Amino acid sequence: MEYSRFVEKARKYMIENDLIARGDGIVVGLSGGADSMSLLLMLNSLKKEFDLKLVAVHLNHMIRGAEADRDESFVRESCERLGVELVTFRKDIPALAKEKGLTEEEAGRLMRYELFEEVRQDRQFTKIAVAHNSDDLAETVVFNMARGSSIRGLAGIQARRGCIIRPLLGTSRREIEAYLAELGQDYVTDSTNNETEYSRNLIRHEILPRMAELNAGAKEHMIEAAEDLSELYGYIAAEAVRVELRCEKVDRSKNSCNSVTVDDNANAEKKCDIYLGTSENGSIDTAVSSVRLKIDDLEGKLRLVRYEVYLRALEKLAGRRKDITRQHLSLIDGLRSLESGKQLDMPYDICVRRSYGELVFEKKADGTEAVRVFVDGEGDYSFGAGVFSIRICEYTENTAIPREDFIKMFDYDRICGKLCFRYPEQGDYIRVTADGSKKLSRLFTDMKMDREERKRVPVLSSENEVIWAVGCRISEAFKVKESTKKVMIVEYKEQPEGKR
């Protein structure tokens, strides 16, 4: 099948970079500009050969008034003429930007990709195609270099990231405009593209042309360097993934905690890795309250690999890497050589601390009132993530004393005062010998228990005297003896998540 030079070049680029497969369903981002129109025309010309299913998606940002409405009308007429299905949306981007504290450019990008993914999932399509070209790649490299960036940023734009594909990344803006002129295809121009007050437009209209005066091949050289750095970043990212991240998902209202190990390789094809100012799968998982990694797992790793591990951990909590600087990463790296308990404040209300042999990345917790459940005889008592069951019975020499961690027996006659289930508090103590006691905080330290874990240990207490720190130990003062007449048996069970 014979194609124009432009289509053949894009076709070859897609095949070489594994961007397209027979039978693909592709969502095409369509603004109506030269880049997106050439993308749609190119994919539509390959539709028969690759048995493609196409749907174009257009977002009216409601920023430029009549001009935005003009763009929407243009893409609708173009799609009707081409016989391509079009889905349009109208969203108040200025209002969204104000609500989320973003620039209008950032908010527009967030919303576009969110809508692309919504349509992709609704149609059960495999890809989202966006129209970045080689000029965009060069501009991104310069922009990221100027603001300070990791190798990932200096690698610029990737041809494929998750289900996002960029078929025109191997073609220039000049080639795109020539292709449209050859077809006699009109396109719309966003008036803000000519305003140099925007950083990218400053690079496009002033910086890159001046660099071309130094060397006519400056742009091509930057693109080649970005390709090399992209390959290097791929190695760094692959090494970073080898370091296990353990995400803790906490329902703070119930003070329950579940630990989940992150596997970035699992279901890679099912993830649509989009940066939305949120997480890599499209939204922040607000249930993740902390991410842990073992310091020993970092030993022998290159500094850039360690930095990538920290960025992954921060991204799990914040959903983004923006505003995380080299200085932040260097400070985190320094925690490895400090004593347990040292911590740092990071952007996005995240703190990072050394906890014995781990680095713990966590969201700063909101203050919560103390939770107390008072004991009033036998029965079941719901507390946090579980239920305490209490039985009181006579004790004989044949009564079996439970040895399980979560079932304990106490000498009931020696218990005085009002009992309650709660979480540890300042001043708590537990008797560790017949005559001696220890601060509960000291017991936790001796057990090398993490500071955040301590907060979630349920205790049975009478005032500040702890009778049982669940899963840790019981007080010596209330253990069953030969003289015991009556016992209290307490069992703790976690509830299934749906019943909490």
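No hydrogens, no waters, no symmetry mates; every other heavy atom, side chains included, goes into these values. Only a predicted model underlies this, so the values are computations on that prediction, with no experimental measurement involved.
The CD1 atom of I295 lies 4.5 Å from the CG atom of L359; values are rounded to the nearest 0.5 Å. Residue L110 holds its CG atom at 12.0 Å from NZ of K91, rounded to the nearest 0.5 Å. For the atom pair K9 NZ and F6 CZ, the distance stands at 8.5 Å (nearest 0.5 Å).
The side-chain heavy atoms of R112 and E117, taken from C-beta on, include no pair separated by under 4.5 Å. In this structure, M346 and L344 have side chains that are in contact, with non-hydrogen atoms separated by less than 4.5 Å. Side chains of I26 and L52 form a contact here, defined as non-hydrogen atoms less than 4.5 Å apart. You'll find the side chain of R306 stays beyond 4.5 Å of the side chain of V309, heavy atoms only. Taking the side chain as every heavy atom from C-beta outward, V87 and H58 never approach each other to under 4.5 Å. Using a 4.5 Å heavy-atom threshold, the side chains of S38 and Y187 count as separate. Side chains of R90 and H61 form no contact here, defined as non-hydrogen atoms less than 4.5 Å apart. Residues K127 and R160 meet the side-chain proximity criterion, which asks for heavy atoms closer than 4.5 Å.
Just one residue in the list L41, L40, L39 forms a side-chain contact (heavy atoms from CB on, under 4.5 Å) with L43, and that residue is L39. The side-chain contact (heavy atoms from CB on, under 4.5 Å) test with V75 singles out one residue from V84, V57, L30, and that residue is L30.
More than 12 heavy atoms of other residues, nucleotides or ligands shown are found within 6.0 angstrom of CZ on R81. Other residues, nucleotides and ligands place no more than 12 heavy atoms under 6.0 Å from the OH atom of Y235. For E213, the CD atom sits in a packed shell: over 12 heavy atoms of surrounding residues, nucleotides or ligands are nearer than 6.0 Å.
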Worked verdict on D349 versus K363 for salt bridge (Lys or Arg N to Asp or Glu O under 4.0 Å): CA-CA 6 Å; D349 288 326; K363 296 174 183 175; over 6 Å; no
Verdict with reasoning, D135 to R204, per side-chain contact (heavy atoms from CB on, under 4.5 Å): CA-CA 8 Å; D135 292 63; R204 178 180 303 173; over 6 Å; no
Show your working on side-chain hydrogen bond (donor to acceptor under 3.5 Å, both in side chains) between N133 and T171 and close with a plain yes or no. CA-CA 6 Å; N133 57 55; T171 58; over 6 Å; no
Pair S355, D450 - check side-chain hydrogen bond (donor to acceptor under 3.5 Å, both in side chains), show working. CA-CA 6 Å; S355 176; D450 180 76; 2.4 Å; yes
Full working for side-chain contact (heavy atoms from CB on, under 4.5 Å) between I164 and R166: CA-CA 7 Å; I164 305 292; R166 298 178 173 89; 3.9 Å; yes
Report the C-alpha distance between R454 and T445 in whole Å, list the side-chain angles of each, state the deciding distance to 0.1 Å, and finish with yes or no for side-chain hydrogen bond (donor to acceptor under 3.5 Å, both in side chains). CA-CA 9 Å; R454 301 177 187 187; T445 299; 3.2 Å; yes
Verify side-chain contact (heavy atoms from CB on, under 4.5 Å) between M145 and L154, making sure each step is shown before the conclusion. CA-CA 6 Å; M145 187 181 297; L154 296 180; 3.9 Å; yes
Apply the test salt bridge (Lys or Arg N to Asp or Glu O under 4.0 Å) to residues E85 and K53: give CA-CA distance (whole Å), side-chain angles for both, the deciding distance (0.1 Å), then the verdict. CA-CA 10 Å; E85 181 186 1; K53 296 180 287 292; over 6 Å; no
Working for salt bridge (Lys or Arg N to Asp or Glu O under 4.0 Å), residues R456 and E453: CA-CA 5 Å; R456 298 191 292 268; E453 289 181 24; 5.7 Å; no
Are S134 and K219 close enough, and set up right, to give a side-chain contact (heavy atoms from CB on, under 4.5 Å), and what steps lead you there? CA-CA 9 Å; S134 62; K219 187 185 76 173; 4.2 Å; yes
Which is it for E308 and Y233 under the side-chain hydrogen bond (donor to acceptor under 3.5 Å, both in side chains) test, yes or no, and what are the steps along the way? CA-CA 9 Å; E308 180 65 20; Y233 174 71; 2.8 Å; yes
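A donor-acceptor pair under 3.5 Å links the side-chain atoms of S340 to the main chain of Y356, judged by distance alone. A donor-acceptor pair under 3.5 Å links the side-chain atoms of H328 to the main chain of T325, judged by distance alone. Under the 3.5 Å distance criterion, the side-chain polar atoms of S230 are left unmatched by any main-chain donor or acceptor of A226. Distance alone, capped at 3.5 Å, places no donor-acceptor pair between the R354 side chain and the E339 backbone. For the pair R353 (side chain) and G341 (backbone), a donor-acceptor distance under 3.5 Å is absent. Distance alone, capped at 3.5 Å, is enough to place a donor-acceptor pair between the E175 side chain and the S172 backbone. In this structure, S290 contributes its side chain and F361 its backbone to no donor-acceptor pair below 3.5 Å. Listed for the D24 side chain is a donor-acceptor partner under 3.5 Å among the backbone atoms of A21. Not a single donor-acceptor pair under 3.5 Å links the side chain of R246 to the backbone N or O of L293.
Nearest heavy atom pair, residue L19 against residue P167, reads CD1-CA, 4.0 Å. Minimum interatomic distance between L59 and M111 (heavy atoms only, all atoms of both residues): CD2-CG, 3.9 Å. Contact detail for G83 and K47: the closest heavy-atom pair is O-NZ, 4.5 Å. Shown here for A10 and L168, the closest heavy-atom pair between the two residues is CB-CD2, 4.4 Å. Between Y179 and M42, the shortest heavy-atom distance links the atoms OH-N, 3.7 Å. When all heavy atoms are compared, the tightest approach of Y3 to S45 is CE2-O, 3.6 Å.
A salt bridge links K301 and E239; the closest N-O separation between the charged side-chain nitrogens and carboxylate oxygens is under 4.0 Å. Classification of R174 and E177 as a salt-bridged pair fails, no side-chain N sitting under 4.0 Å from a carboxylate O. Using a 4.0 Å cut-off between charged nitrogen and carboxylate oxygen, R11 and E8 count as a salt-bridge pair. E106 has no carboxylate O lying under 4.0 Å from a charged side-chain N of K100, or vice versa, which leaves the two without a salt bridge. A salt bridge is absent between R312 and E315; no separation between the charged side-chain nitrogens and carboxylate oxygens falls under 4.0 Å. By the 4.0 Å N-to-carboxylate-O rule, D51 lies too far from K48 to be salt-bridged with it. Using a 4.0 Å cut-off between charged nitrogen and carboxylate oxygen, E72 and R76 count as a salt-bridge pair. Salt bridge status for R336 with E299: present, with a side-chain N to carboxylate O gap under 4.0 Å. Contact check on D297 versus R242 returns no salt bridge, with no Lys/Arg side-chain nitrogen under 4.0 Å from an Asp/Glu carboxylate oxygen. For the pair K294 and E358, the salt-bridge criterion is not met [side-chain N within less than 4.0 Å of a carboxylate O].
If you check the side chains of N60 and D71, you find no donor sitting under 3.5 Å from an acceptor.
The cationic atom of R303 (NZ for Lys, CZ for Arg) lies less than 6.0 Å from the six-membered ring centre of Y307 and within 45° of the ring axis.
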